[in-house]
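What follows is one structure encoded as C-alpha cells, with my remarks underneath.
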Amino acid sequence: MRYWLFKSEPNKFSIDDLAASSDQTTAWDGVRNYQARNFMWKQMNIGDQAFFYHSCCPQPGITGMAEVTRPAYPDATQFDSKSRYHDPKANLENPRWFNVEITLIQKTRLLTIKELRQYPELKRMRILQPGNRLSITPVDPDEWQFILRILKA
DNA sequence: GCCAACGTTGGC
DNA sequence: GCCAACGTTGGC
C-alpha cells in the first residue's frame, strides 16, 4: 500500500465537491503530465491512501483524506473533442492518459502549507520544494504517519 | 502581479 | 539529439 498527495484547485474541484460526488467518489481525470500519469497507471492500487490538497487559493494546504477505489483505466476526456482535455494524438486503441478513481475517507481540518513548513520532519516533502508543480506526488510512510499525528493532536 | 521552476514543443 | 522559446503552475 502506498501513500500519495493529490493537488486540486478548490475553485475547480474542492474537497467539498468530492464529498458531494456520487458515492463520494470521482475519476481523477484530466491529468496531462506523464509523471503523474505513471504514478496512477503503474503504481497505484486499490486501498492506497492520499491527502487531498488545495492549491492556488488563499489558504493552500491539506484538507482531507481519500482512498484509491478503482485502478487506472483510460481517461475518457482524451477522446472527447469537446473537452478541454481532448488529446488528438490519443485513440481508443492507443490511449495515452489514464486515471484512477478516489473516494473520500474524511475531511480534515485545514493543515496549511505554512504549518507544514514548520516541521523539519516534513522538509523533504515534494509539495514543499520550490517550483513543485506535480499534481500527484508520493508521500513517504513516515511523513504520512507524522501528518496523521499532527491532525489528531 | 511577480517570479521561479520545469515540462513541452519545434526548428535545426 | 540539442536547446531556445514558450506555456503553465503555484506560492507569495
Side-chain angles (χ1 to χ4, degrees), chain A residues 2-21 26-44 48-68 71-102 104-140 142-151 153:
Chain A
R2 290 187 170 95
Y3 300 104
W4 306 95
L5 184 143
F6 283 60
K7 274 196 299 206
S8 187
E9 298 183 27
N11 60 359
K12 293 183 181 151
F13 191 84
S14 72
I15 189 78
D16 288 322
D17 292 326
L18 178 59
S21 299
T26 191
W28 205 256
D29 57 15
V31 170
R32 294 295 178 270
N33 170 285
Y34 288 103
Q35 215 179 335
R37 176 202 68 175
N38 289 344
F39 285 143
M40 289 196 284
W41 190 20
K42 310 279 192 187
Q43 294 197 27
M44 281 189 202
D48 282 9
Q49 301 198 338
F51 292 124
F52 195 101
Y53 179 93
H54 281 174
S55 67
C56 286
C57 58
Q59 294 261 66
I62 290 171
T63 187
M65 292 159 56
E67 181 173 3
V68 174
Y73 59 96
D75 178 336
T77 63
Q78 69 191 306
F79 309 122
D80 177 0
S81 61
K82 291 191 280 292
S83 168
R84 65 176 292 231
Y85 298 117
H86 178 237
D87 184 345
K89 292 177 187 162
N91 58 64
L92 286 166
E93 292 72 33
N94 280 302
R96 296 177 124 194
W97 305 109
F98 293 80
N99 64 262
V100 296
E101 286 183 2
I102 61 168
L104 181 69
I105 296 174
Q106 62 181 78
K107 290 174 64 173
T108 64
R109 76 172 172 90
L110 178 66
L111 180 50
T112 63
I113 188 169
K114 191 178 168 192
E115 186 175 349
L116 291 170
R117 287 192 196 286
Q118 291 173 0
Y119 298 101
E121 292 89 341
L122 301 178
K123 67 171 189 291
R124 287 174 51 249
M125 282 190 81
R126 188 78 175 259
I127 195 79
L128 301 181
Q129 307 310 311
N132 150 69
R133 295 191 307 154
L134 201 53
S135 63
I136 297 172
T137 49
V139 173
D140 202 86
D142 290 341
E143 293 164 349
W144 177 272
Q145 298 300 337
F146 187 81
I147 292 170
L148 285 195
R149 284 201 293 278
I150 297 171
L151 287 169

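Convention: sequence-line order gives letters A, B, ...; per-chain numbering from 1.
No more than 12 heavy atoms of other residues, nucleotides or ligands sit less than 6.0 Å from atom CZ of A:Arg124.
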Salt bridge (charged side-chain N to carboxylate O under 4.0 Å, His left out) assessment of A:Arg96 paired with A:Asp87: CA-CA 8 Å; A:Arg96 296 177 124 194; A:Asp87 184 345; 3.0 Å; yes
Is there a side-chain contact (heavy atoms from CB on, under 4.5 Å) between A:Asn132 and A:Leu128? Walk through the geometry before answering. CA-CA 7 Å; A:Asn132 150 69; A:Leu128 301 181; over 6 Å; no
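When all heavy atoms of A:Lys123 and A:Gln129 are compared, the pair lying nearest together is O-NE2, 2.8 Å. Counting all heavy atoms, side chain and backbone alike, A:Val31 lies closest to A:Ala36 at CG1-CB, 3.6 Å. For A:Asp75 against A:Asn99, the heavy-atom pair with the smallest separation is CA-OD1, 3.1 Å.
Between A:Tyr53 and A:Phe6, the distance from one ring center to the other does not fall under 6.0 angstrom.
In the helix from B:dG1-C:dC12 to B:dC12-C:dG1, the terminal helix axes, each the rotation mapping four pairs' C1' atoms onto the next four within five end pairs, subtend 10°, rounded to 10°.
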Across nucleotides 2-11 of chain B, 5' to 3', mark each nucleotide with B, S or - according to how protein heavy atoms within less than 4.0 Å reach it. ---BBSS---
